[in-house]
Amino acid sequence: MEPKLYLCPTPIGNLEDITFRVARVLGEASCVYCEDTRRTARLMNRLELKKPLFSCHEHNERQRCEEIEAKVKAGEPVAFVSDAGMPGISDPGERLVAHCIKTNTPFEVLPGPSASLTALVFSGLPTAEACFVGFLPRKGKERKEMIRRLFRHRGTLILYESPLRVANTAKELLEAWGDRQAALVRELTKVYEQAVRSTLKGLAEAYAQTPPKGECVLLVAGAKEPENGADDLDDMLLRLLEEGKTAKDAAKEAGELLSVPRNEAYRRALALKG
């Protein structure tokens with residue numbers, strides 16, 4: 001096998017989803033770098049393979065880059081896997097790829113399982129112009145800014161979320177964007193795989209008291225094409241005012257989401273409030 005770094009997708013649940021090619025590469029590589037050596041050891045045992053395993057996760061990926069580079073340039077084929085799915089997609093691997101490009105270290109990306117694309121198709125929401133978001137920032141200004149930027153995107157939005165935060169995130173997006181078609185896809189390829197197709201409001205209510213179980217992907221329909229900017233602003237202001245927000249608070253929130261000057265949004269809010 002050529003001396004390269006091979007990024008190998010691994011099953012997101014059902015171990016039968018391993019590809020023949022990934023299994024061959026894992027068997028022929030000189031060693032395997034992985035997000036969690038214990039989890040990868042179970043996969044290797046299932047494949048009846050024995051290879052040296054080295055950890056490479058978010059806390060040591062920077063240091064491992066040079067180590068992997070040295071091995072590849074010394075003539076070794078090296079494999080890398082994350083815990084599940086495609087390396088580099090909300091998993092370690094992105095920094096490793098950037099390092100390979102910067103240092104002219106040859107690498108290859110093998111196709112395979114991906115929770116984001118599987119969930120997108122399973123959701124039944126439109127696939128054209130879909131946008132993979134991954135995990136939203138946990139809190140603060142970064143989270144609000146991300147939600148603001150995503151408001152106008154026309155394609156389906158694909159988010160990863162902790163089951164404990166699904167209801168709160170759906171509620172937060174409902175308050176910021178209004179109600180939209182949405183789906184919660186959980187436990188992909190596993191025994192209790194499920195797609196709950198609803199709306200943001202429906203998901204927020206459904207999981208308010210009892211969170212879903214397992215790994216979750218939250219998918220939200222994209223924004224509709226507005227007839228004009230004024231209607232778009234008025235619709236949002238009216239919704240916020242009906243929720244009990246003051247004209248000042250409604251103007252601030254709508255202005256941030258729609259990139260409308262706060263003074264202009266405030267004037268419209270006062271006019272709509274009458």
Side-chain angles (χ1 to χ4, degrees), residues 1-122 132 134-135 158 160 185-193 214-217:
M1 198 162 64
E2 290 185 51
K4 292 181 182 179
L5 169 64
Y6 295 84
L7 287 93
C8 302
T10 53
I12 57 177
N14 193 323
L15 292 181
E16 293 182 1
D17 292 333
I18 195 81
T19 69
F20 289 124
R21 187 177 172 199
V22 167
R24 177 182 62 79
V25 167
L26 292 176
E28 295 182 10
S30 65
C31 59
V32 178
Y33 283 79
C34 49
E35 187 175 0
D36 186 326
T37 55
R38 293 166 299 179
R39 185 161 181 168
T40 300
R42 291 196 291 271
L43 175 63
M44 298 292 280
N45 289 337
R46 177 68 179 269
L47 297 173
E48 298 183 347
L49 298 173
K50 290 190 179 296
K51 293 288 173 178
L53 301 179
F54 302 99
S55 67
C56 181
H57 45 69
E58 61 177 331
H59 301 297
N60 70 354
E61 189 175 356
R62 186 184 302 275
Q63 293 82 358
R64 291 301 198 191
C65 285
E66 294 182 0
E67 188 177 310
I68 292 171
E69 175 196 353
K71 288 184 177 182
V72 171
K73 290 185 175 179
E76 294 185 40
V78 176
F80 174 74
V81 301
S82 59
D83 282 350
M86 177 65 74
I89 303 296
S90 288
D91 276 332
E94 184 178 2
R95 182 179 290 162
L96 191 53
V97 168
H99 181 85
C100 287
I101 293 171
K102 181 180 179 180
T103 59
N104 293 316
T105 303
F107 71 96
E108 190 170 334
V109 181
L110 280 61
S114 168
S116 56
L117 293 181
T118 305
L120 174 62
V121 176
F122 198 14
F132 175 71
F135 288 96
I158 308 167
Y160 288 164
V185 178
R186 67 179 194 89
E187 291 293 84
L188 279 167
T189 78
K190 301 176 185 176
V191 174
Y192 297 107
E193 175 182 83
E215 296 183 354
C216 297
V217 184

Could you walk me through whether D17 and T189 satisfy the side-chain contact (heavy atoms from CB on, under 4.5 Å) test, starting with their C-alpha distance in whole Å, then the side-chain angles of each, then the deciding distance to 0.1 Å, before giving a yes or no?
CA-CA 9 Å; D17 292 333; T189 78; 3.6 Å; yes
Counting only heavy atoms not in E35 (residues, nucleotides, ligands), do more than 12 fall under 6.0 Å from its CD?
yes
CA sep, side-chain torsions, deciding dist, call: F80, V32, side-chain contact (heavy atoms from CB on, under 4.5 Å):
CA-CA 6 Å; F80 174 74; V32 178; over 6 Å; no
Taking only Lys NZ, Arg NE, NH1 and NH2, and the carboxylate oxygens of Asp or Glu, determine whether R64 and E61 approach each other closer than 4.0 Å.
no
Separation between CG of D91 and CD of E58, rounded to the nearest 0.5 Å:
9.5 Å
Give the C-alpha distance, both sets of side-chain angles, the deciding distance and a yes or no for side-chain contact (heavy atoms from CB on, under 4.5 Å) between C216 and R186.
CA-CA 4 Å; C216 297; R186 67 179 194 89; 4.1 Å; yes
Exceeds 12 heavy-atom contacts within 6.0 angstrom, atom CD of E66
no
Any side-chain heavy atom of M44 within less than 4.5 Å of one from L26?
yes
Counting C-beta onward and ignoring hydrogens, is there a side-chain heavy-atom pair between E215 and K190 closer than 4.5 Å?
yes
Does NZ or CZ of K71 lie under 6.0 Å from the centre of the six-membered ring of F54, at an angle within 45° of the ring axis?
yes
Rounded at 0.5 Å granularity, tell me how far CG in N104 sits from NZ in K73.
6.5 Å
Could you pull out the closest heavy-atom pair between G93 and L7, with the gap in Å?
O-CD2, 4.5 Å
